Each structure stands twice: as structure tokens, then as C-alpha cells.
Amino acid sequence: MIKHALSVTRQADFAAWYQDVIAEADLAEESGVRGCMVIKPWGYGIWERIQTIMDAGIKDMGVQNCYFPLFIPLSFFEKEADHVDGFAKEMAVVTHHRLIQDRSPGGGGKLIPDPEAKLEEPLIVRPTSETVIGAAMSRWVQSWRDLPLRVNQWANVVRWEMRTRMFLRTAEFLWQEGHSAHDSKEDALAETMRALELYRSVAEDALALPVIAGEKPENERFPGAAATFSIEAMMQDGKALQAGTSHYLGTGFAEAANIRFQDKDGGHSLCHTVSWGFSTRTIGAVIMTHGDDDGLRCPPRIAPHQIVIVPMLRDNEEDQAILDYCASLQAELKALDAFREPLRVHLDAGANKAQTKRWGWVKKGAPIILEIGPRDVAGGNVAVIRRDRLYKDDGKLDSAFTPRGEFVAAAVATLGEIQGNLYAEAKERLHANIRRDVTDLAAHYAGEDKFTGWVEVQWSRPTGGVLDGIVEQLKALKLTMRNTPLDAAPADGACFFTGEPAVERVLIGRTY
RNA sequence: CGGGGAGUAGCGCAGCCUGGUAGCGCAUCUGCUUUGGGAGCAGAGGGUCGUAGGUUCGAAUCCUAUCUCCCCGACCA
């Protein structure tokens, strides 16, 4: 019987386990403000790693970073009708610019918005920035020579969600949003696909999240988009999580913001615009994909510390020799490169007991933990714990005594192996749980707690009332259409829903 | 936003029904012992009981309002 580091197992209560990981791995905590969380150093460190890798990819695309305001005039926001429909219900609104003490009877001198300081036009806190960036684009774009115009920003956004969950759906979250304007639909669609490919590669290569890239069905599109594409990841409970989206916005936003260019023939045309976003939500995906009953398992590429050295200090004269040994080991490892970056090696010389530190790093998911005691110093060894295989067959912690030189020589390869193992494990789970032979969705998805994964069916991509009927039918089973995978086999049969000739395949599942 | 549950020490909880101003376990601190590994014994510190009102001689406990969290639903790029 293994004694695990967490008090709740995934099996017993997946939702409680998820929250326990966030608390025990010190990723984030409640803030006292509804739906908003404090992202703690280990959680934010993971986000910084994601940012570093994503930002490099964005710059490789040739997209430039800039920054647009948090506040958007209501008049900008209300220009695009579908966009309004999608977001109006969850908007934070700024109406005043000053506080005063309430001197009225019963007011008690409390601070209240000054009625004299009411804004002439309310400002909304951005839920996404298409409208305010569109206004800038309309100034920046004059001629076909100004196109394509491609920018990105790293920002926080606010959506007043009714039901929030740490990382997965918070009222305020962090993301990057890329925006571009193009002279043709073809060019805009190509950009949409480039962004989707960036997300796929960052998710798979850095976060070790195997994903299915595809197009969202019409009913799942971003408000105002002509086409929405997503990458979908499968969590350990079989639910889907949308980990990144890119949108071809057509000319709707260009029309609303008046983004026009003079073409080579001297005529004026509307731009085709694109937007794409990737958020802190993906940290939730990492937790639910790689976490186990001992906490998080952090893929090496996004681990703030890839190797943590824990000295076994005993409060005696040997301590200094142990610390010296650890410091030289740290220096030796930091001189190495893994994944084309210097190794991130942390020496935990804090005052806590070694056992406390060790289990703390296990819960945080440090890929490799090295424990160094007096005998290691004397014998030139390190005791190696790998987070991807924590226990031996007998249920005991697998702490392997290894000659120091041997460990150092293999360290980079070992990190690569851990990264690969986490990905391979998740990929196997993903593909093993996409069923293509299901004929009765109700029977397949019967039972609340059953792990059900996803179902892929062929369909005729109906629209209008027929599509609405299908959506309702799925909704009764708590199912949604995730996307139509880009690399799916061609359709060769009848539509699962209508019986008409199918045109493509679509994934169905429960979702976060 | 509707239904349900909860908020008491860093964490997990008891006390509330039947008001008399706080307790347990873990963690923390000190000492001794132990020492290849999630230690043992002894002692100690730490809480305006989510917040604001009200009832009362007296409120963690009763009443009202409010904030936050969790679960289900509706909603959701």
C-alpha cells in the first residue's frame, strides 16, 4: 500500500483532487475576490515558462508585441452585434472615476463612487481586445502595402463568469492574444492556421499535452467569427478541454471598426481579420493531464526548476561539506543545456526538514529531485528521485543511488526522457479513449462517473434548425461537439445524426 | 444567476440544536533522543469563531443582511 502525498485520490473525487493539487503544489490560492485567484510563485513560474516558449514562437511567426488598454469604450464594444451577444452578459463596467466619503444620513462616512464623477461614457474591462485593436488597425491601415498587419499582446482579461474554477475558468485570467489584418480571405485563413499550428506545437512539445486540432462547428464559434479553430486536450477523467483557439473573423470586425485599405486598383476594400488566444487555463490542463495522487508532475520544459537538490542537513559539522558538494553539483548541472536552454537547477538549502522539502517538491512536480547526505558526499554519489516514476514495484519510494558523474552525464537525456514519458502516457490515453464505433451515445455515456472519453462520428455538417436539434440532443446527454479534426480520415459513410451523406468527422465529448 | 452545502489557529475538523466569551489532530517553536529517510518523547506559542447589524446581563452558538468557497444546474472564446 503506497502512502501518497495527497489526501484525495483522482479515483475518489476528481474535482476535489484537482483543487488539492493546486493547494498542495502551491500553484494558486483564493484571493477573497469572487472568481479571481492569486497565482503563487510556482504556478506563475510555470506560466512564465509557457510565456517564454510561446513568445519565441510568436516572434518566429514574425508577429510583434505591443500593448492595448485594459479599458474599452462602450461605443467600441457595441459595434459588432454578434460580439455583443456573446460577451455582454459577463462584462465588468467602469462607471466612475473618483470615490468620496458618504456624508448622507446613515452613510457612515464609507467610501462610495462620487455621483459627480460619473463617466460620460462607461468603460468596459476588456473581455478580449478585438474591438480596441480594431480601432487602432483602422488608423494604421491605409494601403495594401500596410498589410498584413500582425500584432500580439500579453494581457489580463476579465469575464464575469457565473461559475468559476481555478485556472480553468476564472473571472480574470492571463493570456496572449494575437490579432492581424489581411488583404484577402486566403491570407487571413493561412494566418489562422499558423496560429493553430503554433498552439499545437507548444502544447505537444512544451506542455506535453497531446491535442486534436480542428475546426469548431458553427454553434461553437467565437462570437463574431466566421470560423473558429481549436486544439482540444483530454483530461484524465475523459473530459475535453479547449486549450487554444484561433479565429478567422471575416470582414465583420473590419466593417465595425472601419479597417479598410486602398488596393492596387485604387479601390477600397475591407480587411479580413484574425485573432488567436492561449491562456492560463492551460495550466489547468497540465494539472489534469499529468497530475497523479502525489500532486503535479511538471513536464521539464515548463518546470520552473528542472532539478531540485535537497541537502540532508543534520545540524552538525558535516553540513557545510554537504552544502559545498551540493553547490558544486548545482554549478556543474547549470552549465549544461537541455531543450536548448541552460538547465534550471535549484538548491533547496532552506531550514525545513529534508523529508518535508522532498515531499514538497514531489507535490510541486519537480522532474528530478536529488537528495544529498553525508555518505553521498563521501562516496561521490547522488540519490535520484524521478517524478515520472516515483515508486518501486514494492511501493517504496524509488530513490536510486547513482555515481555523481554518471548522473550528470545522463541528466539532459533523463529530462528529455521524462518529457517524452509524460507526453507518451497522455497520448496513449487520448487515442485509447476516442471511440469510432459508437452507435448509441446515450448508452455509451450512461452513468455520471464513468470515464467515457470522446466519440468520433461522421456527419453532414447541417446548419440552422437541424443543427440546433442535434445540439439539443447532445446537451441532454451533457455532450458537446469539440471540433472536426483536421487530420481525420475522409468521410465515407452516412451522417450519424441525419443519415445523409457525411462530409467530415466530428468529435463529441463532455467538456470543461 | 437558481438549488444545495460550507466558512472556528497555517491545514483538516469538533463545539452551535439546548447562549455563560474555544477545543482536538496535523503542522509550527524549544529541549532531549533518533538518523539512508514522510521519526519518538516532553513542553510551548498561535484564533476580534468570514464581515456588518440585531436580540440578550451575556452571542462561535439565536435573528437579519452581506461577502467568499464547494457541488449540481443554467450560461460560457
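In what follows, chains are A, B, ... by sequence order, proteins preceding strands, each numbered from 1. Being a predicted model, the structure only gives us computed values, none of them experimental. Computation of the quantities below employed the complete heavy-atom set of this structure, encompassing side-chain atoms and omitting hydrogens, waters and symmetry-equivalent molecules.
Going from the C1' atom of B/A65 to that of B/U55 covers 15 Å, rounded to whole Å. Between B/C76 and B/U66, the distance separating the two P atoms is 27 Å to the nearest Å. Spacing of C1' atoms, B/A39 relative to B/G58, comes out at 47 Å, to the nearest Å. As rounded to the nearest Å, B/A14 and B/G25 have P atoms that lie 16 Å from one another. The separation of B/G3 from B/G19, taken at their P atoms, amounts to 30 Å, rounded to a whole angstrom. Taking atom P on both nucleotides, B/G15 is separated from B/G20 by 14 Å, rounded to a whole Å. The gap from the C1' atom of B/U56 to that of B/C1 amounts to 38 Å, rounded to the nearest Å. To the nearest whole angstrom, the two P atoms, one in B/C49 and one in B/G36, are 47 Å apart.
Proximity note for A/Asp376 (side chain, C-beta onward) versus B/G38, B/G36, B/C71: the nearest is B/G36. Closest approach to the A/Arg314 side chain among B/C69, B/A74, B/U35 is made by B/U35 (side chain taken as heavy atoms from C-beta onward). For A/Ser399, taking side-chain heavy atoms from C-beta onward, the closest of the listed nucleotides B/G37, B/C71, B/G38 is B/G37. Nearest nucleotide to the A/Glu30 side chain, out of B/A74, B/C70, B/A39: B/C70. The side chain of A/Lys3 has B/G38 as its nearest neighbour among B/G38, B/C76, B/G36. Closest to the side chain of A/Glu90, out of B/C76, B/U68, B/G38, is B/C76. With B/G38, B/C71, B/G36 as the choices, the nucleotide that has an atom nearest any side-chain atom of A/Phe401 turns out to be B/G36.
Nucleotide B/A14 forms no Watson-Crick or G-U wobble pair with any nucleotide shown, as no partner meets the under 3.5 Å limit on both distances.
Close to B/G38, at under 4.0 Å from its OP1 or OP2, lies no side-chain N or O of A/Lys353. At the phosphate of B/G37, neither OP1 nor OP2 sits under 4.0 Å from any side-chain N or O atom of A/Arg375. Phosphate proximity of B/A74 to A/Lys89: absent, as no side-chain N or O sits under 4.0 Å from OP1 or OP2.
In summary, the side chains of A/Asp294 and A/Trp359 do not present any donor paired with an acceptor at a separation below 3.5 Å, with no hydrogens or angles considered. For the residue pair A/Trp276 / A/Glu177, no side-chain donor-acceptor distance below 3.5 Å is found, with atom types taken as modelled. Remark: the A/Glu215 side chain and the A/Asn483 side chain contain no N/O donor-acceptor pair separated by less than 3.5 Å.
One finds the OG1 atom of A/Thr251 at 6.0 Å from the NE2 atom of A/His272 (value rounded to the nearest 0.5 Å).
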Apply side chain to side chain donor-acceptor pair (under 3.5 Å) to residues A/Asp187 and A/His182 and explain how you reach the verdict. CA-CA 6 Å; A/Asp187 201 39; A/His182 304 263; 3.0 Å; yes
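Residue A/Asn352 is the one, among A/Met312 and A/Asn352, whose nearest nucleotide of RNA chain B lies closer to the 5' end (criterion: closest heavy atom). Mapped onto RNA chain B by nearest heavy atom, A/Thr245 and A/Arg163 fall at different nucleotides, with A/Arg163 at the one closer to the 5' end.
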